[in-house]
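See below for the structure under consideration.
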Amino acid sequence: VNRYFSNNTYFRTYVFKKFGLWNVCAFIILIMIIDGKKEAEVLREEIKKEIISIKNKTNKSPALTVILVGDFAPSQIYVKNKEKISKEVGINSNVIKYPKDVSEEEILKKIKELNNDKNVSGILVQLPLPDQISKEKVINLIDPLKDVDGFSPINVGNLASGYNAIVPCTPLGCLLLLKKVEKNLSGKHAVIIGRSNLNGKPLAQLLLKENCTVTITHSKTKNLKEECLKADILIAAVGVANLVKKDWVKSGSVIIDVGINKQGDKIVGDVNFEEVKDKVKAITPVPGGVGPMTIACLLKNTLECFKARLT
């Protein structure tokens, strides 16, 4: 817990005059800024140690293959970071690059090859894909046991049914951060802004499994502000800069901000951090909150896929 409080504890001192004397009353308000970078470092170190241990016993290491199509700059940067961090923890990383005009048939053929390759622990196809390639076909074809993104219908169904599943990386990262703040989530009212297959829906399933009462809100929700004010845990994952204001959140709540939005020269979340931070128990910053945990959870999923094939 100490790592959260360093440089992130706010003190307010109110001075008032009474009976001709100055009395200083210090109201200490502890606000936990959830440091996703530090938590990702901790998780990566745990993964690295486990991989070393397994390699010493079996002489085997996990291997992740990433398929990258086209020259979309954000995807190239993201994949480069994945490759670098994978190698740092001992995961063999291989990136297969295709031009943006590659045929769907060629991509599907490569996925089939990777599905049958016993040396490949995990497969990731970087999104978005060009229009000529069906995202649905690609996701459906990846072996569910190698689906490190957790997008396969088999993994989605297992998660929804409460069975063991590979969980999408960002929702898993959100849950791990939440559990650092609140060990027991049972009975908490969690409100999620956003119903995407990538974040909102899997987050709802994870929180239901933790015995939370879960409300999913979206663009058609009436009285969104009122719904948010009910939340013990508020997760914003809708992609609207600074949507959540101070008067949208309940005092003492925990805020997880998944949003990444460009505003001028800055990157901001879906929550107005400066407005909200003094009112809540804990909050993730943007950047430096959920983002680093997403990549760390990709490594975790790759390791889990590898371990499953060892047994």
Side-chain angles (χ1 to χ4, degrees), residues 47 62-70 75 78-79 82-83 86 91-96 98 102-176 192 194-210 214 216 237 258 290 293-311:
I47 292 167
L64 173 66
T65 297
V66 179
I67 293 177
L68 176 62
V69 180
S75 291
Y78 193 45
V79 168
K82 289 176 183 175
E83 186 177 20
S86 294
I91 294 175
N92 299 318
S93 181
N94 180 35
V95 179
I96 303 174
Y98 291 95
V102 64
S103 69
E104 179 182 87
E105 181 182 3
E106 188 169 351
I107 297 298
L108 297 180
K109 180 182 177 181
K110 177 53 69 175
I111 292 172
K112 289 177 183 177
E113 289 178 11
L114 296 173
N115 283 344
N116 294 322
D117 188 340
K118 294 180 179 180
N119 294 318
V120 174
S121 312
I123 302 168
L124 185 151
V125 178
Q126 183 64 41
L127 303 177
L129 292 167
D131 292 340
Q132 76 271 16
I133 301 172
S134 167
K135 180 177 74 172
E136 183 178 357
K137 286 183 181 179
V138 165
I139 290 172
N140 289 348
L141 186 60
I142 295 173
D143 182 345
L145 297 177
K146 296 186 177 186
D147 169 36
V148 292
D149 265 334
F151 294 162
S152 161
I154 300 297
N155 283 315
V156 171
N158 282 338
L159 179 61
S161 300
Y163 304 145
N164 289 333
I166 301 172
V167 179
C169 304
T170 298
L172 179 57
C174 291
L175 180 64
L176 294 178
I192 301 167
R195 55 178 170 180
S196 71
N197 292 333
L198 179 62
N199 294 314
K201 291 176 184 176
L203 270 166
Q205 299 300 336
L206 286 174
L207 292 169
L208 284 171
K209 198 171 182 179
E210 295 291 330
V214 180
I216 297 183
V258 182
V290 173
M293 284 297 287
T294 296
I295 295 182
C297 287
L298 170 66
L299 307 180
K300 179 178 174 63
N301 282 351
T302 303
L303 175 57
E304 294 302 320
C305 289
F306 169 67
K307 287 160 60 178
R309 302 183 75 84
L310 281 178
T311 58

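The model shown is predicted, which means the values in this text are computed figures rather than measured ones.
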Seminar exercise, completed: Rounding to 0.5 Å, atoms NZ (Lys137) and CD (Glu105) come to a distance of 10.5 Å

For this session: May I ask you to test the Leu64-Asn92 pair for a side-chain heavy-atom distance under 4.5 Å?
Result: no

Exercise. For the side chain of Asn199 and the backbone of Ala237, is there at least one donor-acceptor N/O pair under 3.5 Å apart?
Worked result: no

Problem set entry | Asn115 (side chain) donor-acceptor with Leu141 (main chain) under 3.5 angstrom | yes

For this session: Check for a donor-acceptor pair, side chain of Asn301 on one end and backbone N or O of Pro168 on the other, with a separation under 3.5 Å.
Result: no

Exercise. Is a side-chain N or O of Asn116 found less than 3.5 angstrom from the main chain of Lys112, in a donor-acceptor match?
Worked result: yes

Exercise. So, are Glu304 and Lys307 salt-bridged, with charged N and O less than 4.0 Å apart?
Worked result: yes

Problem set entry | Heavy atoms of other groups near Asp117 CG, more than 12 under 6.0 Å | yes

Problem set entry | Heavy-atom side-chain proximity of Lys82 to Leu298 below 4.5 angstrom | yes

Exercise. For atom NZ of Lys146, is the number of surrounding heavy atoms from other residues, nucleotides or ligands below 6.0 Å larger than 12?
Worked result: yes

Exercise. Taking atom CD1 of Ile139 and atom CG of Asn155, what is their separation to the nearest 0.5 Å?
Worked result: 11.5 Å

Problem set entry | Inter-residue atom distance Cys174.SG - Met293.CE, 0.5 Å rounding | 9.0 Å

Exercise. Under the 3.5 angstrom rule, does the side chain of Glu104 hit a backbone N or O of Ser134 as a donor-acceptor pair?
Worked result: yes

Exercise. Measuring from Thr302:OG1 to Ile123:CD1, what's the distance to the nearest 0.5 Å?
Worked result: 11.0 Å

For this session: Answer yes if the side chains of Thr294 and Thr170 hold a donor-acceptor pair under 3.5 Å, and no otherwise.
Result: yes

Seminar exercise, completed: In terms of heavy-atom contacts, Leu129 and Lys135 come closest through CD1-CA, 4.1 Å

Problem set entry | Heavy-atom side-chain proximity of Val156 to Asn158 below 4.5 angstrom | no

For this session: Report yes if some heavy atom in the side chain of Ile133 is under 4.5 Å from a heavy atom in the side chain of Val138; otherwise report no.
Result: yes

Exercise. Which pair of non-hydrogen atoms, one from Cys169 and one from Val148, has the smallest distance, and what is that distance?
Worked result: SG-O, 3.7 Å

Exercise. Mind checking whether Leu124 and Ile67 have side chains closer than 4.5 Å, heavy atoms only?
Worked result: no

Exercise. If you round to the nearest 0.5 Å, how far is CD of Gln205 from CG of Leu175?
Worked result: 12.5 Å

Exercise. Are side-chain heavy atoms of Pro62 and Cys305 found at a separation under 4.5 Å?
Worked result: no

Exercise. Does the Asp149 side chain pair with the main chain of Phe151, one donor and one acceptor, at a distance under 3.5 Å?
Worked result: no

Problem set entry | Distance (rounded to the nearest 0.5 Å) between Leu159 CG and Ile154 CD1 | 13.0 Å

